[in-house]
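Contents: one structure, followed by commentary.
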Amino acid sequence: MKTALRRGMILIFVIATMLVQAAAPTQPIYAASVFKDVPANAWYVDSLTRITQDSRHILEGYGDGTLKPQGMLTVSEFVKCIIAARGISLPAGKTYWAQPYIDKAKELGYIAGNEFASIGSDPYKAYKRQVTRGEMARLVVRAMEDIEPGYKYRDEKTITPLIKDYGQMSSVYKAWVVKAYDMGMLSGYPDGTFKADRGLTRAETVTVCLRMIDASAREKVTPVQPGTNPTTSSAITPGSGSEYKADPDEEFEAFMRSAEAEKYIYTDAIAEVKDGLIYFDTTVTMPEDVKRYSKRILPPDKYNPYANKEVYEMTRDLVNLVRKYGGFVSVGFYPYADTRSYLMIEYFEDKGCFENRRIAGSMFSVDIWTEEPIEEFPGKQKEPITYKWQIGSLCTGEYLRKQGYDDDTSGNYSKYDFTEDRYVEIAQSMLMNIYGSKQGKNLMNFILNDKKLSWSNPSRTVDMCEYREDFGGCEFIYVRTESFRAFVIHTSGVKVKR
């Protein structure tokens, strides 16, 4: 009987507990508190809580209980966010999960024409890549003009001064970014730039989504009257932002302070390598009449916020490869005008070739623009150039001599191998540093294939200017003439690094 009594009491307790739980308000499955990778003090946690408790499930987490806040949002994911914010719920597509959301966005006019046209057999390929902040601005403005029609925009001349990199922005996105600023939907970074070509993290998306559904969360924008200059309360100095600075490599920095470094890299143009940054001595590289003639200078990063990070990491990787395979590296900063400057990184076969560089030249190099570049292809290029690559020889003369190249007068060069593995590895490491691991390899394969075609057909000419998603969503400009066998390409900034 005691056993039966105990069972009865347990049953009553269970039923009571169930009734209490049923009466209590349930927490949404995507409440901010359940994301195990979101710190309690994250800057976006309040907005995230409000978004995840919204019944429209605008921005959701993953099945493993994570949000992946620093992960980059794809075009498809952002399209889903704005359609959900519109109050529209759709089932997942059969062939591709986001297909119904994409179709709805086209129907509503949020996506127009061939804005996300894909190359190849996959019609959704362009939607699977990372969305850029410029594309985000365009999508958001179109959606908001639908959700809240009749917004009266202010004179764009009073908004553009708030966007420091407006002049460097692609004309495709300028009007949309200005409208998004005016509405209070978007704001820039602490240094006043917007960085339209940059991707959007999931953490950043939280704020945008909240502003779509809650007018009180929108940025309070103060237009700038003509003739005045906007001020920023949290401006950063060039290179100081942690996301734009390389992680310090103590071993590399210690090596650069040692006398041994001079065997592998030209150190005269480098003032100091410290805390993930390279400071340059322009008294070595520039004449005295240049205003920025300095013993210790950090290149500006407003035009290319990743320049200092890229030059540090590329120099580090090149030095490691040179110590492994041989060769010599030269790195310098060239502020040759008041508003124009670039970093140059060169690789030479050995130190002797560097010392005779006016005659021999480097095997390959890259110019990284840190301020406004010259327009090299007027009327052709749509985006400003950020990188200029010169890929000359990918093998030594000795390597060719061993194949009998010097004694061959047939003119049939296709039978020779003009690439040595070590030089391909070194050049590819430079490309991967800028475009990402996969896309850097894509570009290296393009170069190798073109070299083979050119050696088999020396009279072949190429004139190419096109958008290349497989190189990171950059504008790719390549011109080859009969008399010039060095491979020279220019690209705009990388939108998506993979």
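Everything numeric in this text was worked out from a predicted model, so none of it was measured. Numbering starts at 1 and runs along the sequence shown.
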| field | Donor-acceptor contact below 3.5 Å, side chain Arg138 vs main chain Ala175 | value | no

| field | Non-hydrogen side-chain atoms of Ile434 and Met314 separated by less than 4.5 Å | value | yes

| field | Residue that, paired with His490, satisfies ring pair (Phe, Tyr, Trp, His ring centres under 6.0 Å) out of Trp389, Tyr387, Phe471, Phe377 | value | Phe377

| Do Phe333 and Pro300 come within less than 4.5 Å of each other through their side chains, counting heavy atoms only? | yes

| field | Crowding at CG, Asn445 (>12 non-hydrogen neighbours, <6.0 Å) | value | yes

| query | Are the side chain of Lys388 and the backbone N or O of Trp369 linked by a donor-acceptor pair below 3.5 Å? | reply | no

| message | Could you check whether any side-chain heavy atom of Met169 comes within less than 4.5 Å of a side-chain heavy atom of Ile163, counting everything from C-beta outward? | response | yes

| Test: Glu219 and Arg211 ion pair at under 4.0 Å | yes

| said: Determine whether a donor-acceptor pair (N or O, by modelled atom type, separation under 3.5 Å) exists between the side chain of Asn442 and the backbone of Asp470. | reply: yes

| task | Compare every heavy atom of Cys474 with every heavy atom of Tyr435, then report the nearest pair and how far apart it is. | result | CE2-SG, 4.2 Å

| field | Glu253 side chain vs Gly276 backbone, donor-acceptor pair below 3.5 Å | value | yes

| said: As an exercise, state the distance from NZ of Lys195 to CG of Asn304, rounded to the nearest 0.5 Å. | reply: 10.0 Å

| message | Please check this pair: side chain of Arg468 against backbone of Phe476, looking for a donor-acceptor N/O pair closer than 3.5 Å. | response | no

| Side-chain donor or acceptor of Asp281 paired with backbone N/O of Ala271 under 3.5 Å | no

| Can you check whether Ser341's main-chain N or O pairs, donor with acceptor, with Thr370's side chain at less than 3.5 Å? | yes

| task | Quick one: sort the Phe348 and Phe354 rings into parallel, tilted or perpendicular, breaks at 30° and 60°. | result | perpendicular

| request: Flag yes if more than 12 heavy atoms outside Asp64 fall under 6.0 Å of its CG atom; otherwise flag no. | output: yes

| query | Going by atom types alone, do Thr282 and Ser294 pair a side-chain donor with an acceptor below 3.5 Å? | reply | no

| task | Let me know which of Lys402, Glu420, Glu349 forms a side-chain hydrogen bond (donor to acceptor under 3.5 Å, both in side chains) with Thr396. | result | Glu420

| task | Would you please say whether a donor-acceptor pair under 3.5 Å links the side chains of Tyr306 and Arg198? | result | yes

| Donor-acceptor contact present, side-chain Thr66 to main-chain Tyr62, <3.5 Å | no

| said: Heavy-atom count check: over 12 atoms from other residues, nucleotides or ligands less than 6.0 Å from Glu250 CD? | reply: no

| message | Under a 3.5 Å distance rule, please check whether Gln428 uses its side chain to pair with a backbone N or O of Met444 as donor and acceptor. | response | no

| said: Before we go on, tell me: are the rings of Tyr127 and Tyr96 under 6.0 Å apart, centre to centre? | reply: no

| note | Contacts satisfying side-chain hydrogen bond (donor to acceptor under 3.5 Å, both in side chains) that involve residues 255-275 (not counting sequence neighbours) are Glu272-Arg296

| field | Under 3.5 Å side-chain donor-acceptor pair for Thr339 and Glu371 | value | no

| Asp249 backbone acceptor or donor facing Tyr312 side chain under 3.5 Å | yes

| field | Side-chain donor-acceptor pair present, Tyr173, Thr132, cut-off under 3.5 Å | value | no

